[in-house]
Undergrad: 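Dumping the structure here so I can ask a few things about it.
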Amino acid sequence: MRRPTTRLATGLVALACLGALGACSSDDASTSTSTDPVEVEVGKAFSWNGFDVEDGWELNAIKRSAGLEEVTTPEVKGTIKNTSDEERAALFEMVFSTDGSPIATLSCSAATMVTDQSQQFICPGLSTTMPEDYDAVVVQEFRRDTSS
């Protein structure tokens, strides 16, 4: 695993700022409820959309049987806290990429939580292979595949 390059990280921050129409300006006191994509580092705490993910979340390789073959899929799990003023469930994606191109997308979820409640979240990567060489991980809104 490589650390993100400065150019890629700068580009992602710039895109997030443009998408937020000024959310990165010094006049904005809190962007913790923003649904703009945010780059994260595996295992490090982050905030997104009124949720806080604690330090220590993990990316693990899970060996699964697929017919006669064995495949290795990613699985992310950790602890998430609802920091918003409403009861709600967590639903988001983690996108692993190399040079700005997605190589694995995991759908993440946690059950409904009241304000300040924490619980486990999981991102089973059942439909993708384990990303071996990536340089960025971005958390973003869950997107349904609309292709037929």
Undergrad: What do you reckon, is CG of D55 surrounded by more than 12 foreign heavy atoms closer than 6.0 Å?
TA: yes
Undergrad: Hydrophobic clusters here meaning ILVMFWY residues chained together by side-chain heavy-atom distances under 4.5 Å, can you tell me if V38 and L106 are in one?
TA: yes
Undergrad: Drop me the distance from M94's CE to C123's SG, to the nearest 0.5 angstrom.
TA: 5.0 Å
Undergrad: For the residue pair N60 and P74, establish whether any side-chain heavy-atom pair is separated by less than 4.5 Å.
TA: no
Undergrad: Heavy atoms only: give me the nearest A89-A110 pair and the separation to one decimal.
TA: CB-O, 3.4 Å
Undergrad: Once you round to the nearest 0.5 Å, how far does CD1 of I80 lie from CD of Q117?
TA: 11.5 Å
Undergrad: Counting heavy atoms not belonging to E70, are there more than 12 under 6.0 Å from its CD?
TA: yes
Undergrad: Per the ring-ring contact (aromatic ring centres under 6.0 Å, His included) rule, what does the pair list look like for residues 77-112, sequence neighbours excluded?
TA: W48-F92, F92-F121, F96-Y134
Undergrad: Would you say V139 and P37 make side-chain contact, with heavy atoms under 4.5 Å?
TA: no
Undergrad: Cut-off 3.5 Å, side chains only: do T98 and D135 have a donor facing an acceptor?
TA: no
Undergrad: For the CG atom of D85 and the CZ atom of R88, what is their distance to the nearest 0.5 Å?
TA: 9.5 Å
Undergrad: For the OG1 atom of T79 and the CD atom of Q120, what is their distance to the nearest 0.5 Å?
TA: 4.0 Å
Undergrad: What I want to check is whether the side chains of E86 and T115 have a donor and an acceptor closer together than 3.5 Å.
TA: no
Undergrad: In the structure I gave you, are the side-chain heavy atoms of R64 and E75 within less than 4.5 Å of one another anywhere?
TA: yes
Undergrad: For the residue pair D99 and S101, confirm or rule out a side-chain donor-acceptor distance under 3.5 Å.
TA: no
Undergrad: Hey, does D36 have a side-chain heavy atom less than 4.5 Å from the side chain of Q140?
TA: no
Undergrad: On a heavy-atom basis, which atom in A136 and which in E39 lie closest, and how many Å separate them?
TA: CB-OE2, 3.7 Å
Undergrad: Report yes or no: do V53 and V40 belong to one cluster of Ile/Leu/Val/Met/Phe/Trp/Tyr joined by side chain heavy-atom distances under 4.5 Å?
TA: yes
Undergrad: Can you name the closest pair of heavy atoms from M113 and Q119 and give their distance?
TA: CG-NE2, 2.7 Å
Undergrad: Decide yes or no for V42 and V137: does some side-chain heavy atom of the first lie under 4.5 Å from some side-chain heavy atom of the second?
TA: yes
Undergrad: With a 4.5 Å heavy-atom cut-off, do F51 and T83 have their side chains touching?
TA: no
Undergrad: Taking V76 as the starting point, is it possible to reach I103 by hopping between hydrophobic residues whose side chains are less than 4.5 Å apart?
TA: yes
Undergrad: What is the distance from atom OG of S118 to atom CG of N82, rounded to the nearest 0.5 Å?
TA: 9.0 Å
Undergrad: Pair K77, L59 - check side-chain contact (heavy atoms from CB on, under 4.5 Å), show working.
TA: CA-CA 7 Å; K77 57 183 169 178; L59 169 63; over 6 Å; no
Undergrad: Does E41 reach the side chain of F46, with side-chain heavy atoms less than 4.5 Å apart?
TA: no
Undergrad: Say you draw a straight line from NZ of K81 to CD of E54; how long is it, rounded to the nearest 0.5 Å?
TA: 8.0 Å
